[in-house]
Amino acid sequence: MQPVVVPSPDGSVRVDGRRVALGELPSVVASAGAAARWTWDDTNRWYPGLLAAGVRVDRSHDLRLAHRILRGSALAAWPGPADAPPGPWDTLPPAPLTPADEPAMLFAAPGPSSGPAEGPDPLAELAVQDAVVAASPSAGRLRLLLAAESAGALAAVEMYHAGLPWLADVHDAVLTETLGPRPRLGERPARLEELAQLIRGALDAPASLNPDSPQDLLRALQRAGVGARTLRKWELEKLDHPVVEPLLEYKSLYRLLTANGWAWLEAWVREGRFRSEYVVGGVVTGRWASSGGGALQLPKSVRRAVVADPGWTFVVADAAQLEPRVLAAMAGDDAMAAAGRGPDGRGADMYAGIVASGAVPTRELAKVGMLGAMYGGTTGSSGQVLPRLAKTFPRSLAFVDEAARAGERGEIVTTHLGRSSPLPGATWHEAQSGAYQDDAGDDDVARARSYARSWGRFTRNFVVQGTAAEWALCWIASIRRRLWALGPADVSAGLVPPPFDARPHLVFFVHDEIVVHTPAALADAVAAEVQAAAAEAGRLLFGDFPVQFPLSVAVAPSYADAK
DNA sequence: GGCTACAGCCAC
DNA sequence: AAACGTGGCTGTAGCC
C-alpha cells in the first residue's frame, strides 16, 4: 500500500483520489496502519504536523530526495536528455522545520504565492521513479538506498520533534568554570581578559592590542620576533616563545565563547531541548548536514549539558572504524575483513587487527595509513606506510586508487548502493584544457595536474564516505523500527512529546554515532537492538560478505559520561 | 547596514 | 601524524 499525498489548490490534499482536509490527515494516516508507505514531495513538509498530532509514520517515500539520487545515479537511466535543465524536483529546497512555539505553517492555509498546487505532480514523479528503478540492473540496491534515505528523513524530523535534552544550567556552569561569570554585553569574560593581558605582556604590546583582530595580533607577533607566519594553532604550537601558551588558551576559550557560549545557549536551547535541523543528504556524499546551532560539531566540552530526563537515560553507540570496514566490504577484501574481525574473531579494533596482520608495526601507523588511503594523503608517515598496506591489502587499496584515477579523468564514481558523484565544474575543465593549448607553460600543466589530483582525492573519498553514509542510513532505519517495536515503558513523560512520551527514541546522530533517549528500564533492551541494527545494516549492504561492524555502546544519563 | 571572502576551529 | 576528505559556523576585514 503506497498512498500518495497530493496537494490541492484549495489547501486540502488528495490521498488515493480522496479529498482529505489538512486537519483530517493525521487520523487518516493513523488509521492506514504500519503497512502503508506514505509518499509525498517532502517529508519536512508533512511529517512535523503529523508528529505534532501524535502520529508516527512507519515507512515513507520522499520524492524530492529520491529524485536527487536517481537523477545523478550511474545505476539508473533517467529519461530524457542528460543535459536537460534542472526541474523543480532538482531545485526544490527542503521545507524548513519550525520550532513548536513558533507559528507552524505546515498545516495552515497556503498563501496565494506558495500554494501547493503550484508544485510539481507527485503522482507523475512517482511513476517515473518507479519505472527508472525497475529498469535498472541494480534495482535492488537502488530500492534499498531510496528506502533508507526516506527512513532517514523520517528519523531526522523525529529527532527535531523530540529535541536533544539539554540542561542550560549545566551549560552555564561549564562556561562559568572555564571563562568566568557571564560578562556584560560587549565585555570580555574575566579569564579571557586575564589572558589578553598576559599576551600583551609577553609581546611587550600596548593595551590597545586586541587579540580578536587577526591583523593586529599577527603584526604584534611579527614585531616581537615570534616568527609566526599565520595564527593557526598547529603552527603556533611549534614556536618557542612565552606568548604561545596564553595565546593558545585564549584562542581555545574564545572559540568556546563565540561558538557555544551564552549567546548560543539563548539562541538554540528552549525548554530543556536543543533542536537543530538535520539536512538529510545535505552533503554531496550523502552524509547529513545540519542547519542552526551546529549540531554536527558539538564540542566535547559542552556535552556535559546533555542530560537525560528524570527516569530516563541515554544509550550512546558509535561504529568502530566504520569507513575502513566499509572499504573492505566494497572492495571484497577478505584480508582486510579478517583484520577487522581480529585474532579472536570479534575484533572491536580494526587497527589492532591490521597490526596483527603484520602490515604495520603500530596501531597509530595503521590508523594514519588507512586515513591516508581514504583521504588521498601522500606525505609524512601516512605516505610511507601506504606501500606496506597496499601489499597486505591490495584489493582495498586498488579500489580507492581506481576511484581516484576516475576522478582525475573527470569521470563520476558511485557508492555501493548507487549514489553518484557530481561531475567537475567549468573551472576544472578549463584548467585541464589549458594544459593542452599550444602556448601552455609549465604553470598551466602544473595547475591542470593539481586540479585533477584534487578531484581525484574527492572521488577517492566519495566512494568510502558515501557508502559509510549508506550503512549509517540503514542502521538508523533499523534502529527506529526496532525502538518502536519495544513499546512503551512505565515512566513519566517529562518533556518528551507524544508519540514518544514513554518510548525510547533517537535524539542525536553524527555520521557514525547515535544517541537514544530511553526510559531507564529499557536501556539494556535498547542497547541490544542498536547492536542488532548494526549487524542488520551490514547484511543489507553487503549480504554474506564476512565484514563486521562492531559498536562501542554505553549507557549513561549524561552524554559526556558515555564516551 | 548588507554582502562576500577568508581564516580558523569544531565535528566526523 | 600532518595539514590529505566532508561539512557548519564565527569573527574580522573589505567592499558597496
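Side-chain atoms are counted along with the backbone in the values below, which use heavy atoms only and exclude waters and symmetry mates.
Residue contacts shown for Gly292(A) are limited to sugar-phosphate atoms, with no base heavy atom under 4.0 Å away. Base contact: Gly376(A) has a heavy atom under 4.0 Å from a base atom. Residue contacts shown for Tyr254(A) are limited to sugar-phosphate atoms, with no base heavy atom under 4.0 Å away. Leu322(A) comes within contact range of no nucleotide atom at all, as no heavy-atom separation falls under 4.0 Å. Within the nucleic acid shown, Arg453(A) has no heavy atom closer than 4.0 Å to any nucleic acid atom. If you check every strand for non-hydrogen atoms under 4.0 Å, Gln215(A) touches sugar and phosphate atoms only. The residue Gly383(A) sits apart from the nucleic acid: no heavy atom pair falls under 4.0 Å.
Taking side-chain N and O atoms only, Gln384(A) has no distance below 4.0 Å to OP1 or OP2 of dA1(C). In this model, the phosphate group of dC9(B) is approached by a side-chain N or O of Lys251(A) to a distance below 4.0 Å at OP1 or OP2.
Closest contact between the side chain of Arg255(A) and the listed nucleotides dT6(C), dC9(B), dG5(C) involves dC9(B). Of the candidates dA1(C), dG7(C), dC9(B), the closest approach to any side-chain atom of Ala289(A) belongs to dG7(C). For Lys233(A), taking side-chain heavy atoms from C-beta onward, the closest of the listed nucleotides dG11(C), dC9(B), dG14(C) is dC9(B). With dG11(C), dA13(C), dA1(C) as the choices, the nucleotide that has an atom nearest any side-chain atom of Ser213(A) turns out to be dA13(C). In this structure, of dG8(B), dT6(C), dC12(B), it is dG8(B) that holds the atom nearest to the side chain of Thr230(A). Listed nucleotides dG5(C), dT10(C), dC9(B) differ in distance to Thr258(A); the shortest reach to its side chain belongs to dT10(C). Candidate nucleotides dT6(C), dC12(B), dA11(B) were compared by shortest atom distance to the side chain of Val284(A), and dT6(C) ranks first. The side chain of Pro214(A) approaches dT12(C) more closely than any other nucleotide in the set dT12(C), dC9(B), dG5(C).
With rounding to whole Å, Lys238(A) atom NZ is found 10 Å from dA2(C) atom P. Distance CG (Leu298(A)) to P (dC12(B)): 9 Å, rounded to an integer number of Å. Remark: P of dA2(C) and CD of Glu235(A) are 14 Å apart, rounded to the nearest angstrom. Atom pair Asn260(A):CG and dA11(B):P shows a separation of 10 Å (rounding to whole Å applied). Atom pair Leu371(A):CG and dA11(B):C1' shows a separation of 15 Å (rounding to whole Å applied). When rounded to the nearest whole Å, the span between CD of Gln297(A) and C1' of dC12(B) equals 10 Å. Rounded to an integer number of Å, the gap from CG of Leu231(A) to C1' of dA13(C) is 14 Å. Separating the CH2 atom of Trp234(A) from the C1' atom of dG8(B) is a distance of 7 Å, rounded to the nearest angstrom.
Nearest-nucleotide positions on DNA chain C for Asp212(A) and Gly372(A) put Gly372(A) closer to the 5' end. Positionally, the nearest nucleotide of DNA chain C for Glu237(A) lies more toward the 5' end than for the other of Glu237(A) and Ser291(A).
Remark: Arg447(A) is positioned above the aromatic ring of Tyr451(A), its terminal NZ or CZ atom under 6.0 angstrom from the ring centre and at most 45 degrees off the axis.
For the pair Val516(A)/Ile514(A), a side-chain contact is recorded, criterion being any heavy-atom separation below 4.5 Å from C-beta on.
Using bins of under 30°, 30° to 60° and over 60° for the plane-to-plane angle, the ring pair Phe509(A)/Trp288(A) lands in the perpendicular bin. Relative ring orientation between Trp166(A) and Phe274(A) is described as perpendicular, the plane-to-plane angle rising above 60° on a 0-90° scale split at 30° and 60°.
Once rounded to the nearest 0.5 Å, the distance linking OG of Ser420(A) with CZ of Phe462(A) reads 6.5 Å. One distance of note links SG of Cys474(A) with CZ of Phe549(A); it measures 10.5 Å at 0.5 Å rounding. With values rounded to the nearest 0.5 angstrom, Leu175(A) atom CG is found 8.5 Å from Asn260(A) atom CG.
With hydrogens and angles left out, the side chain of Arg232(A) and the base of dC9(B) share no donor-acceptor pair within 3.5 Å.
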